[in-house]
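Structure record follows, encoded as structure tokens.
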Amino acid sequence: MTTEQKTGPIRDEVQGHRGSSAIAPENTIAAFRQAAEHGAKWVELDVALNADGDLIVIHDDSVDRTTDGSGNLGALTTAQIKALDGGSWFGTNFTGEKIPTLDEVITALGGFGLNINVEIKQHPHHKSLDQLVNAVADAIAKRPSHMEIMISSFDPECLKAMHKREPNLELAMLWGRVPDDWEAKLAAIPATSIHAHYKGLCIALLEQTSAKDIKVRAWTSNDPVELASFWHAGLTGVITDDPRVYLG
Ligand code: G3P
Ligand code: MG
């Protein structure tokens, strides 16, 4: 038995939130490339369906905030999304950066040596849970053999459907504050990981989850001081806009 106290995450447990989104436009190849260059092994990204039924890597259900265009994701074709500039809003040195599809990201990140936490977003324009989950399952089935994938979602129904389709994938339930009946909720999926807002964590919870081999990762923390008291209690990992602050 070791008496050493855990004071931070291991390298494999630092995920770039939407890539290295502190220094490059979120959910773009540029942000993922930066995460790899910063030494991250994992990135988190957000996916949702567009009008063509393609999976687009974007956080919001519209392109308004992160492109030079406007409109709801569910009303835009892939060709229309590809014509947008997804970089200028962040900085002029990213002008021309494209909004990628999940297929494109999987191909690029295979080359970067990155693993992916695919966060499935549920938006009002989605008509079919099965269409959404099957599209994700089909996309990740094409990943290179060296790439690891985990799936996360705020929607337990997405995770339940994914478990039926891909029972061996790591599934993470996303919560702001972790509910008191977390164990029953995870078992109903079933999922083995919790991704919680760091302000919704406490030491007592982490001692319970670690005793039951449930992984807990905190989002979105960009300052190691915020998590300093949690590692020895069993916090597994962190999802951060700037992996450099946790990788040292
Ligand atoms: O996966 C953690 C985090 O990405 C969840 O919140 O809104 O940034 O997708 P959001
Ligand atoms: Mg996300």
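No experiment lies behind these values; they were computed from the predicted model shown. Remember, it's 1-based here, ligands and their atoms both numbered in the order they're listed.
Looking only at side-chain heavy atoms (C-beta outward), Thr66 and Glu26 come within less than 4.5 Å of each other. Side chains of Trp42 and Val14 form no contact here, defined as non-hydrogen atoms less than 4.5 Å apart. When side chains are defined from C-beta on, Asn50 does not count as touching His125, because their heavy atoms never get closer than 4.5 Å. The shortest side-chain heavy-atom distance between Gln208 and Glu183 does not fall under the 4.5 Å cut-off.
For Arg18, every heavy-atom contact with ligand 1 shorter than 4.0 Å involves the side chain, none the backbone.
Residue contact check for ligand 1: Glu44 places a non-hydrogen atom closer than 4.0 Å to it. Under a 4.0 angstrom heavy-atom cut-off, Leu174 registers as being in contact with ligand 1. Within the structure, ligand 1 lacks His197 among the residues with a heavy atom less than 4.0 angstrom away.
The angle that Glu44 OE2 and Glu119 OE1 make at the Mg ion (ligand 2), rounded to 10°, works out to 90°.
Side-chain atoms of Gln80 come within 3.5 Å of backbone atoms of Thr77 as a donor-acceptor pair (strictly under, hydrogens ignored).
A centroid separation of 6.0 Å or more is found between the aromatic rings of Trp231 and Tyr198. For Trp175 and His195, the ring centers are positioned 6.0 Å apart or more.
Nearest to atom 7 (O) of ligand 1 among the protein's heavy atoms is His59 NE2, 2.6 Å.
The atoms of ligand 1 that sit less than 4.0 Å from any heavy atom of Lys121 are 7 (O), 9 (O), 10 (P).
Considering backbone and side-chain N/O of Glu119, one or more are found under 3.5 Å from N/O of ligand 1. The shortest N or O to N or O distance between Trp219 and ligand 1 is not under 3.5 Å.
Asp46 contributes OD1 as its N, O or S atom closest to the Mg ion (ligand 2).
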